[in-house]
Protein chains: 2
Amino acid sequence: MLPLSPDATPGRRQSTAAIKEALRDLRIQLSLLNHQVGTHLDLNDVDLDFLDVINRSGPLSPGALARRAGFHPATMTGILDRLERGGWVARERDPSDRRAVVVRALRNRNAEVMRLYSGMNSAIDNVCAEYTSAELKVLADFLRRTAKAGIRAADELAGGAR
Amino acid sequence: MLPLSPDATPGRRQSTAAIKEALRDLRIQLSLLNHQVGTHLDLNDVDLDFLDVINRSGPLSPGALARRAGFHPATMTGILDRLERGGWVARERDPSDRRAVVVRALRNRNAEVMRLYSGMNSAIDNVCAEYTSAELKVLADFLRRTAKAGIRAADELAGGAR
DNA sequence: AACATATCATACGGAATCCAAAACACAAGA
DNA sequence: TCTTGTGTTTTGGATTCCGTATGATATGTT
């Protein structure tokens, strides 16, 4: 906190700190939104998280899912049981390795989820409408990089390379 | 979906969609990171969330915390019990209204938390280092607006104006 | 002083999570 | 081929956590 800025860019440190603060807030708010959506779908918070992961990261094995989140395999079995009972995912045996299981997302009930997220969806549209096309590209790039950084940081805590 | 872009800004729709995708990923990754941090601190996911809220939003009453997150007051009691047992927070009686309780965050163990988040912290620093000061301001502003949008969207699902 | 209101803690039933071990499939060696 | 060893997922039991209902304490009002 010197009176003179060190490299003639006075706002950098403050802006970086502001970004971190905003990211903390954003995470909490999005988790809260997630909780509300899950409540409307009779779905657990964690279950909805994993449904999202399965929907976007393609078919995955239970073990891979558990490792990715740092959960015990038995816990994953329970989560998948609930998701399967609700018709959200299907378990199939891997033909090439029949001891393995592949979890596939069913898209039947996707409309329900989209409807619940529609409020946030259009809110983001409104926010984005106030930025130029170039700014939007910068924003998307930043978010992707930050998400990648989150993956690495979580993996490190999960036990190094592992 | 006309072949001609409507307002001479061809990338807008794609960039907005990319931002939504990245936000979904970011939320999941930050939640998983949160889970890993909580595991290392012998702390529940929800408990860590509320510790964060208490740390940043100053001393608060248990009821206010419960309303803010849509939890039942009794659940909040359990969360605060665990946080207090671990030496994270302290319950004090409000001098001005002695039936009320204020929860204050103790900073003793803050270093442990910071150490666990240090990987993500420096990763964000590295990402931010690649942007200009003006871009950083745009980013911080966008994140704040998006967080606000998340609050409104969650409130709507919680039961309209309420 | 007594009633109504508000806030937080306790008690208990139901659910989720974790640990250990089993069930099953694959791969390698005698 | 049969056996042994490794990897993946599921089961059973014990523990812990979340949510509804009830109780205790303090305040404000008539």
Side-chain angles (χ1 to χ4, degrees), chain A residues 31-32 34-51 53-54 59-86 88-104 158-159 162, chain B residues 31-32 34-51 53-54 59-86 88-104 158-159 162:
Chain A
S31 292
L32 190 49
N34 196 51
H35 176 72
Q36 297 289 352
V37 171
T39 300
H40 281 75
L41 294 172
D42 280 306
L43 228 49
N44 218 340
D45 284 22
V46 184
D47 300 0
L48 186 53
D49 280 345
F50 277 105
L51 180 59
V53 173
I54 298 165
L60 267 149
S61 80
L65 285 167
R67 277 190 298 275
R68 178 158 178 173
F71 274 107
H72 195 277
T75 306
M76 189 57 56
T77 298
I79 293 171
L80 293 177
D81 283 348
R82 292 191 293 273
L83 285 176
E84 195 171 31
R85 192 173 342 120
W88 296 103
V89 303
R91 277 193 258 225
E92 305 168 0
R93 296 222 88 86
D94 186 345
S96 68
D97 185 352
R98 295 228 316 260
R99 67 194 159 172
V101 169
V102 181
V103 181
R104 179 182 310 282
R162 207 37 182 68
Chain B
S31 291
L32 298 185
N34 196 50
H35 177 72
Q36 296 287 357
V37 171
T39 300
H40 281 74
L41 295 172
D42 281 305
L43 228 49
N44 217 340
D45 284 24
V46 186
D47 300 1
L48 185 54
D49 281 345
F50 275 104
L51 180 59
V53 173
I54 298 166
L60 266 135
S61 81
L65 284 167
R67 276 189 299 276
R68 178 157 179 172
F71 277 108
H72 294 261
T75 305
M76 187 57 55
T77 299
I79 293 171
L80 293 177
D81 283 348
R82 291 190 292 274
L83 284 177
E84 195 171 31
R85 194 178 333 126
W88 296 103
V89 303
R91 282 191 252 224
E92 304 169 0
R93 292 231 158 266
D94 185 345
S96 68
D97 185 351
R98 295 233 311 262
R99 68 193 160 173
V101 169
V102 287
V103 181
R104 178 182 310 279
R162 219 347 173 111

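Heavy atoms only: backbone and side chains are in, while hydrogens, waters and symmetry mates are out. Throughout, a chain's letter reflects where its sequence line sits, starting with A, and its residues are numbered from 1. Computed from a predicted structure; not experimentally measured.
L80(B) and V89(B) get closest at one heavy-atom pair: O-CG2, 4.4 Å. F50(B) and L65(B) make their closest contact through CE2-O, 3.6 Å (heavy atoms, listed as atom of the first residue, atom of the second, distance). Nearest heavy atom pair, residue S31(B) against residue S31(A), reads OG-OG, 3.7 Å.
Put simply, CG on L65(B) is 13 Å from C1' on dC8(C), counting in whole angstrom units. When rounded to the nearest whole Å, the span between CG of D45(A) and P of dT17(C) equals 10 Å. Rounded to an integer number of Å, the gap from N44(B) CG to dA16(C) P is 14 Å. Atoms CG (D81(B)) and P (dA11(C)) sit 12 Å apart, rounded to a whole Å. Between the CG atom of L83(A) and the P atom of dA16(C) there is a distance of 11 Å, rounded to whole Å. dA23(C) atom C1' lies 13 Å from atom CZ of R99(A), rounded to whole Å.
Of the two residues near DNA chain D, R93(A) and R82(B), the one whose nearest nucleotide lies more 5' is R93(A). The 5' end of DNA chain D is approached more closely, in terms of each residue's nearest nucleotide, by A100(A) than by the other of H35(A) and A100(A). Nearest-nucleotide mapping onto DNA chain C: of G70(A) and R98(A), the residue sitting toward the 5' end is G70(A).
Taking the side chain as every heavy atom from C-beta outward, I54(B) and W88(B) never approach each other to under 4.5 Å. Side-chain atoms of P62(B) and T77(B), non-hydrogen and from C-beta on, never get closer than 4.5 Å to each other.
Classification of R91(B) and D81(B) as a salt-bridged pair holds, one side-chain N sitting under 4.0 Å from a carboxylate O.
Under the 3.5 Å distance criterion, the side-chain polar atoms of H72(A) are matched with a main-chain donor or acceptor of A74(A). Side-chain N or O atoms of R104(A) include none that pairs as donor or acceptor with a backbone N or O of A90(A) at under 3.5 Å.
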From CA spacing to verdict: side chain to side chain contact (heavy atoms under 4.5 Å, CB included), V103(B), L60(B): CA-CA 5 Å; V103(B) 181; L60(B) 266 135; 5.7 Å; no
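Using a 4.0 Å cutoff to heavy atoms of chain B, the contacted part of DNA chain D runs 5' to 3' from dC17(D) to dT27(D).
DNA chain C is contacted by A74(B), T77(B) of residues 71-79 of chain B, taking any non-hydrogen atom closer than 4.0 Å.
Residue R91(A) is in sugar-phosphate contact alone, with no base atom involved, counting any heavy-atom pair closer than 4.0 Å across all strands shown.
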